[in-house]
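Below is one structure; the comments refer to it alone.
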Amino acid sequence: MQRVLAPVLMGIAASFACLTAGPAPAQDEVQSKASALARTAQQELYRLGCYNEQINGVWTPHSRSAAQKFLSRVNARLPIEQPDDALVALLRSTKGFVCTQCPAGEAFNPAGDCVPKALVDKPSKLVPITTGTVADPQRPDNDHSSSDDPGGPAGQAKPPGQASGASKYWRLFLKNVDRALGIE
């Protein structure tokens, strides 16, 4: 009985070993291909001036950030979670230092993006223009209702002292011009 049982047990053990060991080499092959793609992508990103970390074949957040920076510079959209053949082909076909210089007519903004030079040279915040204040002219206390003044609703005149700031300013401005011209 032992003679019959031993070969059966050996066969079962060999089958079990084949089943458990079968997928491992395929998985190692996939991992080595991914590592090779990552290494190639990192080398190309380094050549283009987008990546300055260690080239080790591990697709890190720095690698993804460099790939995203490259894709924004060349105006392309590709997945960056893992490197693929399309990304590597695009990297290899690109010449020059893409990430360290902007195209002609563009410059880096404070965020590090290439934008037209006119936008970079433009001040980020508008400086308010300050003008002098206008003193209220002295008015007599009597009421100046006139039919020419379209004051409020139903043709009523505005009470003195309620003129808008702009009209006060222009009245004073014209008074100063008249005074300067000697018309007053």
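- Listed by first and then second residue, the salt bridge (charged side-chain N to carboxylate O under 4.0 Å, His left out) pairs involving residues 37-46 are E44-R47 (not counting sequence neighbours).
- Scanning for side chain to side chain contact (heavy atoms under 4.5 Å, CB included) contacts around F97 gives T100, with sequence neighbours left out.
- Among pairs with a residue in residues 52-84, none fulfils disulfide (SG to SG under 2.5 Å), at least two apart in sequence or across chains.
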Going by atom type alone, with no hydrogens or angles, which donor-acceptor pairs under 3.5 Å involve a side-chain atom of residues 66-92 and a protein atom two or more places apart or on another chain?
{"unit_1": "S72", "atom_1": "OG", "unit_2": "K69", "atom_2": "O", "d": "2.8"}
{"unit_1": "R73", "atom_1": "NH2", "unit_2": "G112", "atom_2": "O", "d": "3.1"}
{"unit_1": "D84", "atom_1": "OD1", "unit_2": "L87", "atom_2": "N", "d": "3.0"}

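- With sequence neighbours left out, N176 forms a side chain to side chain contact (heavy atoms under 4.5 Å, CB included) with L172, R179.
- With sequence neighbours excluded, the residues that form a side chain to side chain contact (heavy atoms under 4.5 Å, CB included) with A107 are K117, V120.
- Among residue pairs with one or both ends in residues 53-105, those qualifying as disulfide (SG to SG under 2.5 Å) are C50-C99, C102-C114; sequence neighbours excluded.
- Taking the six-membered ring where tryptophan is involved, the planes of W170 and F173 are perpendicular, since the angle between them exceeds 60° and thus also 30°.
- Partners of Q54 by side chain to side chain contact (heavy atoms under 4.5 Å, CB included), not counting sequence neighbours, listed by chain and number: N56.
- Under the ring-ring contact (aromatic ring centres under 6.0 Å, His included) criterion, Y46 pairs with no residue, sequence neighbours left out.
- Applying the side chain to side chain donor-acceptor pair (under 3.5 Å) rule to pairs touching residues 58-67 yields Q42-S63, T60-S63, sequence neighbours excluded.
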